[in-house]
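Everything numeric here is computed off the predicted structure, so don't read it as measured data. All chains are named by letter (A, B, ...) in the order of the sequence lines, taking the proteins before the strands, and each is independently numbered beginning at 1.
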2 protein chains.
Amino acid sequence: MSETLDERSWSVLSATVNGYIRMAVPVGSRVVNRLFGLSYSPATIRNVMADLEEEGYLTHPHTSAGRIPTAKGFRYFVDNSSFSMQEALPESASLSSFLDVILDESSPLDLLEVLSSVMNLVARMTNYTAIVLEPGTRNEERLLSFELIPVGERHLLAILVTDAGAVYKRTVLLPEGFRTKEIVFLGDALNASSRNVHLSKIREKLFDEMELLGEAYRETLQQLFFHNRMPEMKLFRTSRFAEMPEFSDASVLHAVMEVFEEKIALLEIFEDLVRQGGVSVQIGSENPIPGLKPCTLVSVPLLNGSVWLGSVGLVGPVRMQYDQVIPVMQYLSVRLNHWIQKTLPSQSPSTT
Amino acid sequence: MSETLDERSWSVLSATVNGYIRMAVPVGSRVVNRLFGLSYSPATIRNVMADLEEEGYLTHPHTSAGRIPTAKGFRYFVDNSSFSMQEALPESASLSSFLDVILDESSPLDLLEVLSSVMNLVARMTNYTAIVLEPGTRNEERLLSFELIPVGERHLLAILVTDAGAVYKRTVLLPEGFRTKEIVFLGDALNASSRNVHLSKIREKLFDEMELLGEAYRETLQQLFFHNRMPEMKLFRTSRFAEMPEFSDASVLHAVMEVFEEKIALLEIFEDLVRQGGVSVQIGSENPIPGLKPCTLVSVPLLNGSVWLGSVGLVGPVRMQYDQVIPVMQYLSVRLNHWIQKTLPSQSPSTT
DNA sequence: TTTTAGCACTCTGACATATTGAGTGCTAAC
DNA sequence: GTTAGCACTCAATATGTCAGAGTGCTAAAA
């Protein structure tokens, strides 16, 4: 799709990108020549850079400044570099052994918790902001268990477990004169009859049966059975942004922080990236959120078969250490998805 | 304890504090005279200000600048002002009706969720950062229900409900050759025998009984019964700090953000403030966290009898709109604690 | 005795101006 | 095709000036 650069242009581009990533300052021909040991003189490099600028890979903040890679430049760099785990991250061994421990099948299983502790470590290792996302209610889930537990005099706690390992809970006040026994009985019946049935099916069935009941019953039943779990998103080390030079402008920083706080926009991005699978890299304005324009988002969806269970991601400045981040995320993608497939009950579409 | 200011000093101090809160800039004698309609001339006010400075209520950034209140000045101001809800916050009516809806006893009950939606609104109304804290496992809790639910082939989901409305859950892999039935039976027995008993008592009892069992059993039982819930802390609108002039210095902002991220330090503060009860105001360096020195924390513990269920708080710059924040938090203290006492099962210390 | 007016003084912040240096683009030589 | 040399540009820094806000002090007024 995109044209290919010749050997010399590529070496100049990649040196420029690497230099900018390392120093956060426009890099000039001299630096590229000296620090990266290119065998061309600064003058030649200047010529190449001028060409690269014309083709849209580099820019110029002002006449007498060095070059800065554009989004296109970063994109080309990312697409044409081959990153490898071993040389990238000195702590890669410790990440691997950490995963060995935490993904041990004998340890307690809670997706959000596992992902959180993993990404907490990754955030610390890479020095970028990590994201863990667990989407909200998904109708593809199947019921594993439904329990009603009386709490105090007039409350009932409903607990609903699905095959995705999700636990939904909700406490409901029973209206005056409500017969607790009846509803508990109904719950038991549901538990027995609807095991392994998709949640959406159960809802349909319940709606049909509820036609016969009175208003008060209906209301309470709705509350007990139809919980929606909100999507859950956790962020680690967002404070890093306050240290980075490209966010020294308070308004830029504020914009990013607001994106992190609202979460809805991020959720949508992750949703979109699920179908893509594998490691996605969105550089700068490649993502649709305005406040996130100065950032790059590297993300990985987690799937059990075709069911989306969650996503993990890393956010940093466009000037990100791609050579570290991408191998780490590739590695995580493999390990985590493997673990999910091995540990969670598989979801064959047979009983749909 | 602290000396009392005469009428005139007080009016100058309070005008200075109010002016500084409003404008975030050192206030001079002229401003105090004009904008606050004091009947003294700027010269007199200067004299008073010089006195107040000597006594430690005000400072001077440099010779020809206006005055800034010290922490002591703010403290005196807060202690000696009488704030009232109605005039303070124009949206107070909407807060009140929001609470009417969300604290309706017929709506589903989940402390963390309720507090979160309330403080989310409060953060938006006051334009400060709001905190909601639910402490971790508390041994004062009593068991309401214990359920074991088989998940898939070899997993067991343990769900433990306490009278504080807390739900603990944990999924455990059963070792090879483990007799599921036996352990479910054990769970049922516990459920029947230990209802309304304090968690700590149950643990002791279980420890005693476990002496008789083999290693594999012990391990699994531990995992099933002894969950610890981590403290849960939620923050709303932390991004506000990026907009405030006193945090335009990136390192100051970063320090605050790190405090918000680590959470442990904040947790300790909230723990300390529980015994104090009611609305606590910690101005500037009155709190022990270095990074939070330029901030004021206003907090309220939530108690069911003598049991600490959670806390809510607001964090802003020392230059905070105390006349808004304090009445709001007082109001919240009353409404939320009242709701908790009415809604949650009361905890009499009889079965201790 | 308390309050106020007046005045000299100080310091910041804004603005204008010079200076430096990094880096470019171009041309001519290798 | 590559490189050395040179004139040029522009940001960043330093220096200097000036206005304005605000103080502290003293002496007069209440």
Undergrad: Over how many whole Å does the gap from Asn47(B) atom CG to dC25(D) atom P extend?
TA: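 So the two atoms are 9 Å apart, to the nearest Å.
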Undergrad: I need the residues from residues 6-30 of chain A with at least one non-hydrogen atom less than 4.0 Å from DNA chain C; give them sorted by number, or say none.
TA: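 By residue number: Gly28(A), Ser29(A).
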Undergrad: Does a side-chain N-to-carboxylate-O contact under 4.0 Å join Lys72(B) and Glu55(B)?
TA: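 No, no charged N to carboxylate O under 4.0 Å.
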Undergrad: Could you give me the CA-CA distance, side-chain angles and deciding distance for Gln282(B) and Thr296(B), then say whether side-chain hydrogen bond (donor to acceptor under 3.5 Å, both in side chains) is met?
TA: CA-CA 6 Å; Gln282(B) 290 190 308; Thr296(B) 283; over 6 Å; no
Undergrad: Mind calculating the distance between NE2 (His62(B)) and P (dA21(D)) to the nearest angstrom?
TA: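 For the pair His62(B) NE2 and dA21(D) P, the rounded distance is 13 Å.
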Undergrad: With the side chain of Tyr40(A) defined as its heavy atoms from C-beta on, choose the nearest nucleotide among dT4(C), dT2(D), dG25(C).
TA: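 Selected nucleotide (nearest to the side chain): dT2(D).
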Undergrad: Roughly how many Å is it from CG in Leu38(A) to C1' in dT2(D), rounded to a whole number?
TA: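 Rounded to the whole Å, the gap is 14 Å.
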Undergrad: Has Ser64(B) got a side-chain N or O lying under 4.0 Å from the OP1 or OP2 atom of dC11(C)?
TA: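 So the side-chain polar atoms of Ser64(B) never come under 4.0 Å of the phosphate oxygens OP1 or OP2 of dC11(C).
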Undergrad: Atom CZ of Arg34(B) to atom P of dA21(D): distance rounded to whole Å?
TA: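 Roughly 10 Å, once rounded to whole Å.
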Undergrad: Go through the steps to decide whether Phe77(B) and Tyr57(B) satisfy the test ring-ring contact (aromatic ring centres under 6.0 Å, His included), and finish with yes or no.
TA: CA-CA 10 Å; Phe77(B) 173 78; Tyr57(B) 296 103; over 10 Å; no
Undergrad: Checking all strands, does Thr63(A) fall into the base, sugar-phosphate, or nothing category for heavy-atom contacts under 4.0 angstrom?
TA: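 Sugar-phosphate, no base atom in range.
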Undergrad: Below 4.0 angstrom, N of the basic side chain to O of the carboxylate: do Glu258(A) and Arg237(B) qualify?
TA: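 Looking at Glu258(A) and Arg237(B), the cut-off is met.
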Undergrad: Could you tell me the separation between the CG atom of Asp51(B) and the P atom of dT23(D), rounded to a whole number of Å?
TA: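 In whole Å, dT23(D) P lies 14 Å from Asp51(B) CG.
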Undergrad: Starting at CG of Asn33(B) and ending at P of dG22(D), how long is that distance when rounded to a whole Å?
TA: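 Those two atoms, CG and P, are 12 Å apart.
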Undergrad: Name the nucleic acid region contacted by Ala43(B), choosing base, sugar-phosphate or nothing; use a 4.0 angstrom heavy-atom cut-off, strictly under.
TA: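 Answer is base: heavy atoms of Ala43(B) come under 4.0 Å of a base.
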Undergrad: Just say parallel, tilted or perpendicular for the rings of Phe74(A) and Tyr322(A), cut-offs at 30° and 60°.
TA: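 Ring orientation of Phe74(A) relative to Tyr322(A): tilted.
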Undergrad: Can you identify which nucleotide, out of dG22(D), dT23(D), dT3(D), has its nearest atom closest to the Val31(B) side chain?
TA: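 The nucleotide sitting nearest to the side chain is dG22(D).
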Undergrad: Quick one: does Asn127(A)'s side chain have a donor or acceptor within less than 3.5 Å of a partner on Arg124(A)'s backbone?
TA: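 Between the backbone of Arg124(A) and the side chain of Asn127(A) there is no qualifying donor-acceptor contact (under 3.5 Å).
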Undergrad: Can you name the nearest heavy-atom pair linking Leu235(A) to Lys263(A), along with the distance?
TA: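 In this case the closest contact between Leu235(A) and Lys263(A) is CD1-CE, 4.4 Å.
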Undergrad: Grab the CD1-P distance between Ile45(B) and dT23(D) for me, whole Å please.
TA: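 After rounding, the gap between these two atoms is 10 Å.
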Undergrad: Starting from P on dG24(D), measure out to CG on Leu58(B) and report it in whole angstrom.
TA: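 For the pair Leu58(B) CG and dG24(D) P, the rounded distance is 11 Å.
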Undergrad: Does Arg46(A) make a side-chain N or O approach to OP1 or OP2 of dC26(C) shorter than 4.0 Å?
TA: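 Answer is no, no contact under 4.0 Å.
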Undergrad: Using only side-chain N and O atoms of Arg67(A), determine if any of them is under 4.0 Å from OP1 or OP2 of dG25(C).
TA: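 Arg67(A) to dG25(C) OP1/OP2: side-chain N or O found under 4.0 Å.
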